[in-house]
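Written out below as structure tokens is the structure these notes cover.
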Number of protein chains: 2
Amino acid sequence: MLRRDIFQVLADPTRRAIILLLATQPMTPNAIADHFDITRQAVSKHIRLMTESELLNQNQKGREIYYHLQTEKMEEIEKWLDQFRELVAKRFEQLDQVLATLKQKKNEKDSLI
Amino acid sequence: MLRRDIFQVLADPTRRAIILLLATQPMTPNAIADHFDITRQAVSKHIRLMTESELLNQNQKGREIYYHLQTEKMEEIEKWLDQFRELVAKRFEQLDQVLATLKQKKNEKDSLI
DNA sequence: TTTATTTGCAACCGAATGGTTTCTTGTCTT
DNA sequence: AAGACAAGAAACCATTCGGTTGCAAATAAA
């Protein structure tokens, strides 16, 4: 199945590098391609996927197209991570509860001695 | 190219769901598969990838195998995001600097009037 | 108005992905 | 000891991925 989301974008190391590149300033496809050992067209395909995932916006200046990051899109990862952290925290709460119960049981037992 | 890292794991929605499932408690492949509309074997393949990515550990109890999350592995995402956020912050610093320079220029001009 | 530059698109290719079905192995149950 | 259950492995399949080369369109520069 064709998946076009931020997680899909992050899955490729070249795309992660492109994200870091564009984090500081907008760049043209040619400028981006200069940083890698792949053809400009390959970079173009990465750009297309990233645009379809709404992570990139374009800004045409003459024949050049400057691509810039839609940084809000990155928040989706944060949101997912928050969800994850919350569940992990809940697990530890349960663990704490178990420990507390054990402690209580132990005290009850002690009092019976 | 075969990539076996946490970003690759996150790329698939079923695997993300498995992560959230295992965030609260360890589970067997069968138990995990019950939550999805795919075969146990398909789940098994997801588990294998996640184990190879060092995100899952196993704990055999008789004929059952409980898989549990290696939560530290998730920190790699956080680390990458930190990197990203730092670069974005730098961009805004530069912008602030530009604005400050403009303001200074304006003041100099004003003083010439 | 040619010519060069920047970009995107299409077709192709080998490898990886996500699923299936079938089979084997190991461990409980009875 | 025999049958049921849990899990992994292998072979297969259609689709996607990440790359390539070649080409067309638009804009800039000569």
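Every chain is numbered from 1, with letters handed out A, B, ... down the list of sequences.
- Separating the CG atom in Asn57(A) from the CD1 atom in Ile65(A) is a distance of 12.5 Å, to the nearest 0.5 Å.
- Side chain of Gln60(B) to main chain of Gly62(B): a donor-acceptor pair is present (N/O by atom type, distance under 3.5 Å, no hydrogens or angles).
- Near DNA chain D, meaning a heavy atom under 4.0 Å away, the residues from residues 35-60 of chain A are Ile38(A), Thr39(A), Gln41(A), Ala42(A), Lys45(A), His46(A).
- Extent of DNA chain C lying under 4.0 Å from chain B heavy atoms, first and last nucleotide in 5' to 3' order, is dA16(C) to dC28(C).
- For the pair Lys61(A) and Met1(A), nearest-nucleotide mapping onto DNA chain D gives the more 5' position to Met1(A).
- Taking CE of Met1(A) as the reference point, atom CG of Asp12(B) lies at 10.5 Å (rounded to 0.5 Å).
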Exercise for review: Could you go through the side chain to side chain contact (heavy atoms under 4.5 Å, CB included) check for Leu22(A) and His68(A) one step at a time?
Suggested key: CA-CA 6 Å; Leu22(A) 296 184; His68(A) 60 273; over 6 Å; no
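- Atoms CG and CD1, from Leu55(B) and Ile19(B) in turn, are 5.0 Å apart once rounded to the nearest 0.5 Å.
- A heavy-atom distance below 4.0 Å to DNA chain C is reached by these residues of residues 62-69 of chain A, ordered by number: Arg63(A), Glu64(A), Ile65(A), Tyr67(A).
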Could you go through residues 44-51 of chain A and list every donor-acceptor pair under 3.5 Å that involves a side-chain atom there, pairing it with any protein atom two or more places apart or in another chain?
{"from": "His46(A)", "atom 1": "ND1", "to": "Arg15(A)", "atom 2": "NH1", "distance (Å)": "3.1"}
{"from": "Thr51(A)", "atom 1": "OG1", "to": "Ile47(A)", "atom 2": "O", "distance (Å)": "2.8"}

Please tabulate, for side-chain N and O atoms in residues 78-89 of chain A, each donor-acceptor pair with protein atoms closer than 3.5 Å (sequence neighbours left out).
{"from": "Glu78(A)", "atom 1": "OE1", "to": "Arg85(B)", "atom 2": "NH1", "distance (Å)": "3.0"}
{"from": "Glu78(A)", "atom 1": "OE2", "to": "Arg85(B)", "atom 2": "NH1", "distance (Å)": "2.3"}
{"from": "Asp82(A)", "atom 1": "OD1", "to": "Arg85(A)", "atom 2": "NH2", "distance (Å)": "2.8"}
{"from": "Arg85(A)", "atom 1": "NH1", "to": "Glu78(B)", "atom 2": "OE1", "distance (Å)": "3.0"}
{"from": "Arg85(A)", "atom 1": "NH1", "to": "Glu78(B)", "atom 2": "OE2", "distance (Å)": "2.3"}

For a quick test of your reading: what N or O donor-acceptor pairs under 3.5 Å do the side chains of residues 27-40 of chain A make, sequence neighbours left out?
{"from": "Thr28(A)", "atom 1": "OG1", "to": "Ala31(A)", "atom 2": "N", "distance (Å)": "3.2"}
{"from": "His35(A)", "atom 1": "ND1", "to": "Ala31(A)", "atom 2": "O", "distance (Å)": "3.0"}
{"from": "Thr39(A)", "atom 1": "OG1", "to": "Ala42(A)", "atom 2": "N", "distance (Å)": "3.2"}

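- For Asn59(B), there are no side-chain hydrogen bond (donor to acceptor under 3.5 Å, both in side chains) partners, not counting sequence neighbours.
- Here Arg3(B) pairs with Gln8(B) under the side-chain hydrogen bond (donor to acceptor under 3.5 Å, both in side chains) rule; sequence neighbours left out.
- Residues from residues 7-30 of chain B lying near DNA chain D, meaning a heavy-atom separation below 4.0 Å, are Thr28(B), Pro29(B), Asn30(B) in numerical order.
- Note on residues 61-73 of chain B: pairs passing salt bridge (Lys or Arg N to Asp or Glu O under 4.0 Å), not counting sequence neighbours, are Glu54(B)-Lys73(B), Lys73(B)-Glu76(B).
- Here the closest heavy-atom approach between residue Arg16(B) and residue Asp5(A) is recorded as NH2-OD2, 3.8 Å.
- From Leu21(B), atom CG reaches atom OH of Tyr67(B) across 15.0 Å, with rounding to the nearest 0.5 Å.
- Along DNA chain D, the stretch of nucleotides lying under 4.0 Å from any heavy atom of chain B spans, 5' to 3', dA4(D) to dG18(D).
- Scanning for side-chain hydrogen bond (donor to acceptor under 3.5 Å, both in side chains) contacts around Glu52(A) gives Arg4(A), with sequence neighbours left out.
- Of all the heavy atoms in Val9(B) and Ser53(B), the pair that sits closest is CG2-OG, 3.4 Å.
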